[in-house]
Undergrad: 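Sharing a structure with you now.
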Amino acid sequence: QVQLVESGGGLVQAGGSLRLSCAASGRAFSNYAMGWFRQAPGKEREFVAAFSWSGVRISYADSVKGRFTISRDNAKNTGYLQMDSLKPEDTAVYYCAARSWGSAGTKTNEYDHWGQGTQVTVSS
């Protein structure tokens, strides 16, 4: 089992930046694929970015390509989501997710470990 804790959310103006962190405890984080998803009020949880357990394959949602960057530091058991050029439509609760030996999945059912989420609010 791996436990995930997100941090780094907050309130930012449009055009600003935030970096979310996902701290993992438990099993070896380097064996896990990691994804970021988000959920806005009244909407379904949607894919944002992910990388495979090896880090070779990386996927981004079209809506964040060129603005968001996913990364990880296996030595720190932590994943990151750097968010630049934020827009009001990026406002949501952001969740990190993990799956052992997974690929860069874009669907929620491809992950079996989830964090509690962190709120990101972008004002116009």
Side-chain angles (χ1 to χ4, degrees):
Q1 288 286 345
V2 64
Q3 292 78 42
L4 306 173
V5 178
E6 303 96 334
S7 61
L11 173 65
V12 64
Q13 289 188 333
S17 299
L18 283 174
R19 188 177 80 157
L20 305 183
S21 298
C22 176
S25 60
R27 298 291 179 86
F29 184 58
S30 59
N31 297 336
Y32 284 77
M34 194 188 83
W36 286 94
F37 291 76
R38 65 187 182 187
Q39 189 167 18
K43 295 187 177 180
E44 292 188 354
R45 194 167 298 188
E46 65 175 7
F47 170 73
V48 175
F51 50 66
S52 61
W53 73 270
S54 64
V56 172
R57 183 176 177 184
I58 299 176
S59 299
Y60 290 98
D62 288 342
S63 59
V64 306
K65 278 181 182 176
R67 300 189 298 120
F68 290 11
T69 304
I70 189 172
S71 64
R72 69 194 295 170
D73 185 337
N74 288 337
K76 295 183 178 180
N77 273 8
T78 302
Y80 303 97
L81 184 68
Q82 177 67 41
M83 305 186 296
D84 299 317
S85 302
L86 282 161
K87 304 175 180 179
E89 51 263 44
D90 294 319
T91 295
V93 177
Y94 283 70
Y95 299 88
C96 68
R99 180 167 185 166
S100 60
W101 309 112
S103 62
T106 62
K107 297 179 176 58
T108 57
N109 62 8
E110 295 182 86
Y111 297 86
D112 44 24
H113 303 282
W114 291 85
Q116 83 290 347
T118 185
Q119 176 71 47
V120 171
T121 303
V122 184
S123 63
S124 57

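All values below were derived from every heavy atom in this structure, side-chain atoms included, with hydrogens, water molecules and symmetry-related copies excluded.
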Undergrad: Show the numbers, then the answer: is there a side chain to side chain contact (heavy atoms under 4.5 Å, CB included) between Ile70 and Ile58?
TA: CA-CA 8 Å; Ile70 189 172; Ile58 299 176; 3.7 Å; yes
Undergrad: Looking at CG of Asn77 and CD of Gln3, how far apart are the two atoms once the value is rounded to the nearest 0.5 Å?
TA: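 So the gap between those two atoms works out to 11.0 Å.
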Undergrad: Taking Thr78 for its side chain and Lys76 for its backbone only, find out whether a donor-acceptor pair lies under 3.5 Å.
TA: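 Yes; judged by distance alone, with no hydrogens or angles, the pair exists.
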Undergrad: My understanding is that a hydrophobic cluster links ILVMFWY residues whose side chain heavy atoms are under 4.5 Å apart, including indirect links. Using that, what else belongs to the cluster containing Val56?
TA: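 Same cluster as Val56: nobody, lone residue.
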Undergrad: Please report the C-alpha distance between His113 and Tyr32 in whole Å, then the side-chain angles of each, then the deciding distance to 0.1 Å, and finally whether the side chain to side chain contact (heavy atoms under 4.5 Å, CB included) criterion is met.
TA: CA-CA 10 Å; His113 303 282; Tyr32 284 77; 3.8 Å; yes
Undergrad: Ser124 and Ala14: which non-hydrogen atoms are nearest, and at how many Å?
TA: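 Ser124 and Ala14 have their closest heavy atoms at CA-CB, 4.4 Å.
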Undergrad: With a 4.5 Å cut-off on side-chain heavy atoms, are Arg72 and Phe29 touching?
TA: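 Heavy-atom side-chain distance check passes, below 4.5 Å.
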Undergrad: Could you check Phe47 against Ser59 for side chain to side chain contact (heavy atoms under 4.5 Å, CB included), going step by step and ending with a plain yes or no?
TA: CA-CA 9 Å; Phe47 170 73; Ser59 299; 3.8 Å; yes
Undergrad: Is Thr118 reaching over with its side chain to a backbone N or O of Gly9, donor-acceptor style, under 3.5 angstrom?
TA: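 Yes, the answer is positive, given that a donor and an acceptor are paired below the 3.5 Å cut-off.
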Undergrad: To check you understand the geometry: which heavy-atom pair defines the closest contact between Trp36 and Cys22, and what is its length?
TA: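 Heavy atoms of Trp36 and Cys22 come nearest at CZ2-CB, 3.6 Å.
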Undergrad: What are the two closest heavy atoms between Tyr60 and Ala49, and how far apart are they?
TA: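 It is CD2-CB, 3.6 Å.
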Undergrad: Would you check if Ser71 and Gln82 make a side-chain contact, meaning some heavy-atom pair closer than 4.5 Å?
TA: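 No, every pair of side-chain atoms sits at 4.5 Å or beyond.
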Undergrad: Strictly distance-based, threshold 3.5 Å: is any side-chain N or O of Arg99 a donor or acceptor partner for the main-chain N or O of Ala104?
TA: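 Not at all, since once roles are kept as given, no pair shorter than 3.5 Å links the two residues.
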Undergrad: Test side chain to side chain contact (heavy atoms under 4.5 Å, CB included) on Val48 and Leu81 and set out the steps.
TA: CA-CA 9 Å; Val48 175; Leu81 184 68; 4.1 Å; yes
Undergrad: When you measure from the side chain of Glu6 to the backbone of Gln116, do you find a donor-acceptor pair of N or O atoms at a distance under 3.5 Å?
TA: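 It does hold such a pair.
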Undergrad: Give the cluster check for Leu20 versus Tyr80: same hydrophobic cluster or not, with ILVMFWY residues linked at side-chain heavy-atom distances below 4.5 Å.
TA: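 Not linked; separate clusters.
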Undergrad: Are the side chains of Phe68 and Leu86 in contact, using a 4.5 Å heavy-atom criterion?
TA: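 Heavy-atom side-chain distance check passes, below 4.5 Å.
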Undergrad: Between Gly8 and Leu18, what is the shortest heavy-atom contact and its length?
TA: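 Closest heavy-atom pair between Gly8 and Leu18: O-CD2, 3.8 Å.
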Undergrad: Would you check if Leu4 and Met34 make a side-chain contact, meaning some heavy-atom pair closer than 4.5 Å?
TA: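 Heavy-atom side-chain distance check fails, nothing below 4.5 Å.
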Undergrad: Assess the pair Trp114 and Phe37: is the distance between their ring centroids shorter than 6.0 Å?
TA: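 They qualify: ring centres under 6.0 Å apart.
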Undergrad: Could you list the residues that satisfy side-chain contact (heavy atoms from CB on, under 4.5 Å) with Ala33, not counting sequence neighbours?
TA: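 Per chain and number, Ala33 pairs via side-chain contact (heavy atoms from CB on, under 4.5 Å) with no residue.
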Undergrad: What salt bridge (charged side-chain N to carboxylate O under 4.0 Å, His left out) pairs are there with at least one residue in residues 77-93, not counting sequence neighbours?
TA: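 Non-adjacent pairs meeting salt bridge (charged side-chain N to carboxylate O under 4.0 Å, His left out): Arg38-Asp90, Arg67-Asp90.
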Undergrad: Between Ala40 and Ala92, what is the shortest heavy-atom contact and its length?
TA: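 In this case the closest contact between Ala40 and Ala92 is N-CB, 3.8 Å.
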Undergrad: For a quick test of reading the model, state the closest non-hydrogen atom pair linking Tyr111 to Ala50 and the distance between them.
TA: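 Reported closest heavy-atom pair: OH-CB, 3.3 Å.
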Undergrad: With clusters defined by side-chain heavy atoms of hydrophobic residues (ILVMFWY) lying less than 4.5 Å apart, directly or transitively, does Val93 cluster with Val122?
TA: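 Each belongs to a different hydrophobic cluster.
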